[in-house]
Undergrad: 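Sharing a structure with you now.
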Amino acid sequence: STLRAVQRVYIEVLRLSGADSAEIQAPKIDPIPSHNDIASLASTTRETVARVLSELSQSGIVKREGKTLFIQEPAKLRRLSDSAGLEAGI
């Protein structure tokens, strides 16, 4: 389903940034893989990845600077990656 696809993108962003571990203080992805690469890892479409990253950016959970994606709210992103967090929305 689309909901699970969104959740898989959240999980990949967490994994790629190291934010899936609470020990990392300032998680980031540098350089950011292409939307196609993330889509392949998350078994979804490039469009879904683009939409999810845009939503995360608009909500302040992530911030893109050049080729780096900073995870500004890792705890919130971890909650969203849980199915319960998905129902609450971003």
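What you see is a predicted model, and the numbers here were worked out from it, not measured in a lab.
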Undergrad: Once side chain to side chain donor-acceptor pair (under 3.5 Å) is applied, do any residues pair with S43, and if so which ones, sequence neighbours excluded?
TA: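 S43 satisfies side chain to side chain donor-acceptor pair (under 3.5 Å) with no residue once adjacent residues are dropped.
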Undergrad: Output the distance between atom CG (D82) and atom CD1 (I11), rounded to the nearest 0.5 Å.
TA: 8.0 Å
Undergrad: Atom CD in E73, atom OG in S59: separation rounded to 0.5 Å?
TA: 8.5 Å
Undergrad: Is there a side-chain contact between L53 and H35 in this structure, where contact means two heavy atoms from C-beta onward sitting under 4.5 Å apart?
TA: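 L53 reaches H35 side chain to side chain.
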Undergrad: Using every non-hydrogen atom in the two residues, find where L14 and P74 come nearest and quote the distance to one decimal.
TA: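 So the two residues come closest at CD2-O, 4.3 Å.
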Undergrad: Who passes side chain to side chain contact (heavy atoms under 4.5 Å, CB included) against A75, sequence neighbours left out?
TA: R78, R79
Undergrad: Mind jotting down which residue pairs meet the salt bridge (Lys or Arg N to Asp or Glu O under 4.0 Å) criterion with at least one end in residues 31-53? Sequence neighbours excluded, please.
TA: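 Non-adjacent pairs meeting salt bridge (Lys or Arg N to Asp or Glu O under 4.0 Å): R51-E55.
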Undergrad: Hey, could you give me the CG/CZ distance between L56 and R64, rounded to the nearest 0.5 Å?
TA: 13.0 Å
Undergrad: List the atom of Y10, the atom of L80, and the distance in Å for their closest heavy-atom pair.
TA: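 Looking at all heavy atoms of both residues, the closest pair is CD1-O, 3.4 Å.
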Undergrad: Got a sec, which pairs hit salt bridge (Lys or Arg N to Asp or Glu O under 4.0 Å) with one end in residues 11-21, sequence neighbours left out?
TA: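 Non-adjacent pairs meeting salt bridge (Lys or Arg N to Asp or Glu O under 4.0 Å): E12-R15.
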Undergrad: Which donor-acceptor pairs under 3.5 Å do side chains of residues 65-72 form with protein atoms, sequence neighbours excluded?
TA:
residue: E65; atom: OE2; partner: K63; partner atom: NZ; Å: 3.0
residue: T68; atom: OG1; partner: D30; partner atom: OD1; Å: 3.1

Undergrad: Step by step, work out the side chain to side chain contact (heavy atoms under 4.5 Å, CB included) result for L16 and L41.
TA: CA-CA 10 Å; L16 290 167; L41 292 168; 4.3 Å; yes
Undergrad: Can you see which heavy atom on P33 is nearest to which on I29, and at what distance?
TA: CD-CG2, 3.6 Å
